[in-house]
Every structure is written in structure tokens, then in C-alpha cells.
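By convention in this document, chain letters (A, B, ...) are assigned in the order of the sequence lines, proteins followed by strands, and residues within each chain are numbered from 1.
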Amino acid sequence: MPELPEVESLRQILERSVVGRTIVGTRIGRLPLRRKVTTNFGPRIRGRRIDKIGRRAKYLILDLDGEDVILVHLGMSGSLTCRDRDFDSSEFDRRHDHIEFRLDDGTRLVFNDPRRFGIVRLVVRIALPDLHELKGLGPEPLSEAFNADYLAAQARGRKVAVKNLIMDQRVVAGVGNIYASEVLYRAGVRPTRRAGRLKREEIVRIAKFIPIILRDAIDRRGTTFRNYRDSEGRPGAFADRLQVYGRAGEKCYRCSTSIRNVLVGQRASFYCPTCQK
DNA sequence: CAGATAACCTGCGTGC
DNA sequence: TGCACGCAGGTTATCT
């Protein structure tokens with residue numbers, strides 16, 4: 001269920017805990033996931049050192065020494081957690097633990113995903129840019145490439161609801177359902193507005209708040225709405241900052257109007273009918 | 001082509 | 001308690 005801030009928080013945790021560690025073995029649980037991991041997975045990564053942890057959109061990229069990288073997507077229900085050496089191995093959950101990476105310091109990195117919408121793929125590094133998963137992704141919302149002019153160009157002539165536009169990974173990579181609602185609340189724009197009908201000033205506000213909200217969420221290690229936990233088992237503190245998501249029927253913190261929940265593109269979308277036009 | 005919808009899969013909370 | 005139902009933070013194939 002993670003969006004960009006949750007994946008980035010995970011990246012930062014792994015950067016501190018597993019970079020420099022060598023994979024000494026793997027254990028396979030249920031599988032398959034949304035895509036095949038690769039053939040010969042275990043033998044191919046045994047003995048490889050994890051050199052770097054990167055991120056692109058909601059994808060995590062574990063850089064190994066040699067030519068391979070491991071691409072990870074958490075889907076709706078995935079998690080990648082560290083288990084230390086005294087974690088009882090009988091607690092390996094064959095139903096939802098799909099892959100366990102055993103590291104040379106005795107810890108284990110476990111990919112768990114009940115709904116199996118996630119992806120773990122071993123690919124060669126040079127193939128990364130052409131990879132089906134990464135190919136069509138839009139700019140990183142925290143990069144210079146994402147700005148008001150760019151967003152205006154993307155919105156021009158489009159009839160989709162603005163919320164769908166900013167959740168479209170080809171337009172901007174990393175915004176999901178929670179942060180889309182939060183961004184539009186801060187920008188004062190209703191989620192149902194047609195993208196092509198937005199005024200320049202509204203586009204400017206949306207483009208401005210996307211990185212602001214995402215950065216704030218990263219600083220707070222993401223959002224725990226239901227049961228999301230970061231890789232160290234801690235809930236994300238951005239939950240306390242949510243202005244509209246999950247607050248249907250509750251009062252807007254700014255004007256006390258009752259927050260509404262409407263379906264936009266089959267997804268729950270929360271907004272304040274007074275603060276958002 | 002853009003846009004809308006269905007599908008993928010499982011768990012959990014709710015209401016009867 | 002049991003059960004049917006709706007809903008979930010994502011992506012993508014397939015329709016119109």
C-alpha cells in the first residue's frame with residue numbers, strides 16, 4: 001500500500017542496514033508474484049554484495065556487485081523487512097513470505113506480500129532503462145523536471161479528473177491515492193475537476209504542493225493509515241498530518257465543513273467542499 | 001488515441 | 001459466532 005514516501009523511507013532504512021552486506025542464501029516461500037522473479041534466482045545472487053539502494057517512482061532498486069540488480073515493487077500489500085538473527089526461523093510465513101534474503105551478518109531481508117500484487121525481479125543493470133516497468137514513468141516529483149510548466153503541458157486538453165492525472169505514473173511518478181487527496185486539499189482544487197479546465201494558478205499550486213507534501217511525508221517516515229509499518233516495524237508519523245484522507249464525515253480542520261468521500265476513477269477521494277473549488 | 005472499467009489476490013472490518 | 005459484502009496505500013489488460 002505504499003506510495004513514494006513509504007518506499008523512500010524504506011530505501012533510507014535499507015541504505016543504513018543492508019548496504020555492504022553480502023547475500024549468502026535465499027529461501028523461497030509461496031510465489032508467484034505479479035511477474036516471474038527470474039530463472040535461477042538463488043544461485044545467481046548468492047555471494048553478491050548489496051552495493052547501493054536506489055529508488056525510481058515506487059520501485060526500489062537493490063544494486064548488487066556484478067551485473068545484476070533486484071527490482072522491487074511493494075504493490076498494495078507488500079513489505080520488505082529486516083529480521084535479525086535471533087528471529088525464530090519457524091516464523092517464516094510460507095503463505096505470505098515470498099522471498100528471504102539471508103545476509104552475511106546473520107540478518108534476513110524478507111519480502112512479504114499477502115495480495116501478491118508486488119514484484120521482485122532480478123535483471124541485468126544495463127537492461128534497467130528499457131525495462132517494461134520503468135519505461136513509461138514520468139519525472140520524479142522531487143526533481144527539477146517536475147514543475148508547473150511541465151504539469152500544465154500534461155494537463156492541456158485532458159478530460160481526466162485532475163486526481164487521476166496526478167496519480168498517472170506516466171505524468172508524475174510516485175503519487176498514490178492518499179497523497180493525491182492531500183495535495184489537492186492543500187492546493188484548494190476538487191479531485192473531480194477536469195485537468196484541462198484548470199486555471200494556471202491551480203496548476204501552479206498543485207505542482208508546488210506535490211513535492212512539499214511528499215517531502216514532509218518522507219521526513220515523517222511515511223503514513224500509517226491501517227497497518228503499514230516501515231522496515232523497522234515503526235508506523236509512519238504522517239498519519240497525524242492527514243487533512244482529508246480517511247476523514248469522511250469529520251470536520252475540516254480549517255473551516256469545519258464535513259469532509260466528503262467520492263469515487264474518482266474507482267478510488268476513494270476525500271475533499272472539503274468549502275476549501276476546494 | 002484518450003478515457004473508463006475490469007481484473008489481478010487476500011485480509012479485515014462491518015452489519016445482519 | 002458465522003457469513004456476505006465492501007473496501008484496501010497499485011498496476012495493467014482490455015474494452016469503448
| When you match A:H132 and A:G174 each to their closest nucleotide on DNA chain C, which lands nearer the 5' end? |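 Its nearest nucleotide lies further toward 5', so the answer is A:G174.
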
Can you work out whether A:I119 or A:R115 has the more 5'-proximal nearest nucleotide on DNA chain C?
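Counting from the 5' end, the first nearest nucleotide belongs to A:R115.
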
Original post:
At under 4.0 Å between heavy atoms, what does A:R35 touch on the DNA or RNA strands: base, sugar-phosphate, or nothing?
Top reply: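 If one applies the 4.0 Å heavy-atom cut-off, A:R35 turns out to touch nothing in the nucleic acid.
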
Describe the nucleic acid contact of A:R30 in one word from base, sugar-phosphate, nothing, applying a heavy-atom distance below 4.0 Å.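 Sugar-phosphate contact only - A:R30 comes under 4.0 Å of backbone atoms but never of a base.
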
Looking at [N], I'd like to know if its phosphate oxygens (OP1 or OP2) sit under 4.0 Å from a side-chain N or O belonging to [X].
{"X": "A:Q169", "N": "C:dG10", "answer": "no"}
{"X": "A:R267", "N": "C:dG10", "answer": "yes"}
{"X": "A:R158", "N": "B:dG3", "answer": "yes"}
{"X": "A:H73", "N": "C:dT11", "answer": "yes"}
{"X": "A:R194", "N": "B:dG3", "answer": "no"}
{"X": "A:K58", "N": "C:dT11", "answer": "yes"}

> Between A:R260 and A:F270, is NZ or CZ placed under 6.0 angstrom from the six-membered ring centre and within 45° of the ring axis?
Replying inline: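 Verdict for A:F270: no cation-pi partner in A:R260.
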
For this session: Answer yes or no for this row: A:F117 ring on B:dC8 base, centroids under 5.5 Å, planes under 30°.
Result: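 Yes, A:F117 stacks on the base of B:dC8.
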
Suppose you measure atom P in B:dG3 against the same atom in C:dG9; what distance do you get, rounded to whole Å?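 These two P atoms come out 23 Å apart once rounded.
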
- Message: Between B:dT5 and C:dC7, how far apart are the two P atoms, rounded to whole Å?
- Response: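 Between the two P atoms, the distance is 15 Å.
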
For DNA chain B, the expected dot-bracket line (Watson-Crick or G-U under 3.5 Å, [ ] crossing, | inter-strand) is .|||||||.|||||||

Answer whether the closest heavy-atom distance between the side chains of A:Y245 and A:I178 falls below 4.5 Å.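 With C-beta onward as the side chain, the pair touches.
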
Validation row, ring centre A:Y185 to ring centre A:Y253 under 6.0 Å: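 Ring-ring flag for A:Y185/A:Y253: false, centres at least 6.0 Å apart.
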
